[in-house]
Amino acid sequence: MEIPYPALAEEAAPAASLTSEDLAPVAPAARTWGTWNYAALWISMSLCIPTYMLASSLIQGGMNWWQALLTIFLGNAIVLIPMILNGRAGTRYGIPFPVFARASFGVLGANVPALLRAVIACGWFGIQTWIGGYACYQAAVRWWPALGTLPAVFPASWGLATGQALTFFLFWLLNMYVVYLGVESIRKLLVFKAFFLPTAALALLLWAISAGHGLGPILAQPSHFNTPGGFWKFFFPSLTGMVGFWATLSLNIPDFTRYATSQRAQQVGQALGLPIPMTLFSFVGVAVTSATLLIYGTTIWDPVVLAGRFEGRWLVTGAMLAVALSTLATNIAANIVSPANDFANLAPQRISFRMGGYLTGLVGLLIFPWKLIADPSGFIFTWLVGYSALLGPIGGILITDYYLLRHQELALNDLYQPAGRYTYSRGFNPVALVALVLGILPCVPGFLAAIGVFGKASVWPWLLEVYNYAWFVGFFVAGAVYWLLMRGRTQGSSA
């Protein structure tokens, strides 16, 4: 196999077990993503139903419109920092996230963070696929009402109606077809979505303003927190949830920046495409959710459920197609590309990008995604905050290793060598694994209490508070431990 990067050509043979066409560095001549591609990537991924639900869940949790938007903007501005920092390594060396992680975790140890990130991506894939499939169901049942009364096939404990399961599976097959078509189809789909979805979001906002008798009454909805203490108690875990929303991409952004034409392209593109568009689209969720209280007398946080209340089959069908397109583009870019690479890293010669994508899709079916987003509090405090406790420590280790210890210098050939400077102890760096465990550990009691394994009264209150800052605690604890234990132990890093 020809490895498309000059620096690897000399030592390609001994590295065969640790590389593949999908994991090999992207040659500079093959890098075609400019500033607009990265801006379009983030605009497209921001314009998705979970973003809307993120904003609407803050409204339902008690915030007013400006408190919700400020929380979202701050969270995205914070996560942009590790996004750009980790992205620089991908652009400089043309390597994906699993290969980048080999420098700190070891050539085999990198499978640990890669698989943690992959499992979470599978969860997101399932959630997005469920949303898209449910949107298709809402449209289809308007034309074929019998779809909503099909005999039950699944156990009642699953909470899955037959008609909804059918459209969910069909939408899943569509996602798998896009995986079959490859990465280039993803780029084209994202650019198309970046133009189309803002129009759909604007139409929904105009509907809310019209049905809610103007923007004034919508924005006049007060905060439901009677004391500053009540607000801050909700704000900090919500901020952690906002950071956690894109914490997966903050790790594996090298999977995308490896295609950048320059560092400026990926940095400026991400800065333009993430915080502001995310906040602007969140305003749609904030405004529409506030309007539902005025229109229906209750807050409806799920836009698919809301659109299902619209009159007229064509209107509902058009709205649901917009939802499905949004979900498809975001799902493939955010939740297929990276776990596919992560699975490929397990056995580069046996698992291709396409096969990794199919594995992601299979796991996404098996996690019962409709249960993960059954209510807004579970979406933020269990799902988003919970997995941020796993990803924060990984981010702290990667950034500490690359910037503080190696000063942005990696030995590219050795990243692909079974026996080299990143082999550590039989392929694993025990320091990184210890730092990872110590970064996760403080948040475990709070997470177990959050999911109901035991009552909150049985956990020290300060440990419950630690969980509210899960991503931040894990990032800094793991980063500090790694720095303290690795000082003076890193070998020369020049390629």
Side-chain angles (χ1 to χ4, degrees), residues 1-26 86 88-90 92-118 251-252 254-255 258 338 341-351 356 393-440 478-479 481-495:
M1 179 186 68
E2 180 182 356
I3 300 179
Y5 197 85
L8 280 177
E10 298 176 3
E11 300 183 74
S17 63
L18 293 177
T19 192
S20 68
E21 184 178 352
D22 299 309
L23 295 178
V26 177
N86 283 328
R88 288 181 60 85
R92 178 169 182 180
Y93 294 101
I95 54 177
F97 162 65
V99 175
F100 176 45
R102 292 173 182 176
S104 50
F105 283 86
V107 291
L108 297 180
N111 286 310
V112 174
L115 286 179
L116 287 176
R117 192 262 175 263
L251 295 183
N252 65 265
D255 292 338
R258 63 196 295 220
S338 299
N341 286 333
D342 296 337
F343 286 129
N345 192 61
L346 276 175
Q349 300 304 310
R350 294 184 177 88
I351 303 177
I394 298 172
I397 292 168
L398 292 178
I399 290 175
T400 299
D401 181 80
Y402 187 61
Y403 286 92
L404 300 185
L405 297 176
R406 303 191 189 277
H407 307 291
Q408 304 183 61
E409 295 290 337
L410 298 177
L412 185 60
N413 284 334
D414 281 17
L415 289 172
Y416 292 87
Q417 296 295 331
R421 69 189 68 194
Y422 305 120
T423 302
Y424 297 105
S425 177
R426 298 183 179 180
F428 293 84
N429 182 2
V431 171
L433 298 178
V434 168
L436 177 63
V437 171
L438 293 180
I440 295 172
V481 170
Y482 186 82
W483 181 77
L484 287 171
L485 297 181
M486 283 293 290
R487 283 184 305 168
R489 297 178 61 176
T490 53
Q491 304 176 50
S493 302
S494 299

Practice prompt. Verify, without hydrogens or angle tests, whether Asp414 (side chain) and Arg421 (backbone) share a donor-acceptor contact under 3.5 angstrom.
Written response: yes

Item to complete: Rounded to the nearest 0.5 Å, what's the gap from CD1 on Ile399 to CG on Leu404? Could you check?
Response: 9.0 Å

Worksheet item: Do you know which two heavy atoms are closest between Ala118 and Phe343, and how far apart they sit?
Response: CB-CZ, 4.1 Å

Discussion item. I want to check something: taking the side chain as every heavy atom from C-beta on, are Tyr482 and Leu405 in contact at a cut-off of under 4.5 Å?
Written reply: yes

Worksheet entry | Donor-acceptor pair, side chain of Asp401 and main chain of Leu398, under 3.5 angstrom | no

Discussion item. So does Pro418 get a backbone contact from the side chain of Thr423, meaning a donor-acceptor N/O pair under 3.5 Å?
Written reply: yes

Discussion item. Let me confirm one number: the CD1-CG distance from Ile440 to Leu116, rounded to the nearest 0.5 Å.
Written reply: 6.5 Å

Worksheet item: What's the shortest heavy-atom distance between Arg426 and Leu108, and which atoms?
Response: O-CD1, 3.6 Å

Worksheet item: Any side-chain heavy atom of Gln417 within less than 4.5 Å of one from Arg102?
Response: no

Worksheet item: Are the side chain of Thr400 and the backbone of Ile397 linked by a donor-acceptor contact shorter than 3.5 Å?
Response: no

Fill in: Contact summary for Gly90 and Pro254, nearest pair of heavy atoms
CA-CB, 3.8 Å

Worksheet item: Ignoring hydrogens and geometry, is there a side-chain-to-backbone donor-acceptor pair from Tyr402 to Ala103 under 3.5 Å?
Response: no

Response to the item:
Taking every heavy atom of Glu409 against every heavy atom of Arg92, the minimum-distance pair comes out as OE2-NH2, 2.9 Å

Worksheet item: Can you tell me how far OH of Tyr93 sits from CG of Leu410, rounded to the nearest 0.5 angstrom?
Response: 4.5 Å

Response to the item:
In terms of heavy-atom contacts, Ala432 and Ser104 come closest through CB-O, 3.4 Å

Worksheet item: Backbone N or O of Gly106 within a donor-acceptor pair of the Asn429 side chain at under 3.5 Å?
Response: no

Worksheet item: Looking at Ala101 and Pro113, what are the two nearest heavy atoms and their distance?
Response: CB-CG, 4.2 Å

Fill in: Atom pair CD1 (Ile394) and CZ (Phe97), whose distance is rounded to the nearest 0.5 Å
6.0 Å

Practice prompt. With rounding to the nearest 0.5 Å, note down the distance linking CG in Asn252 to CZ in Arg117.
Written response: 3.5 Å

Discussion item. If you define the side chain from C-beta out and look only at heavy atoms, does anything of Tyr416 sit under 4.5 Å from Ile95?
Written reply: yes

Fill in: Side-chain touch Asp255/Pro98, heavy atoms, less than 4.5 angstrom
yes

Worksheet item: Do Phe105 and Leu436 have side-chain heavy atoms sitting under 4.5 Å apart?
Response: yes

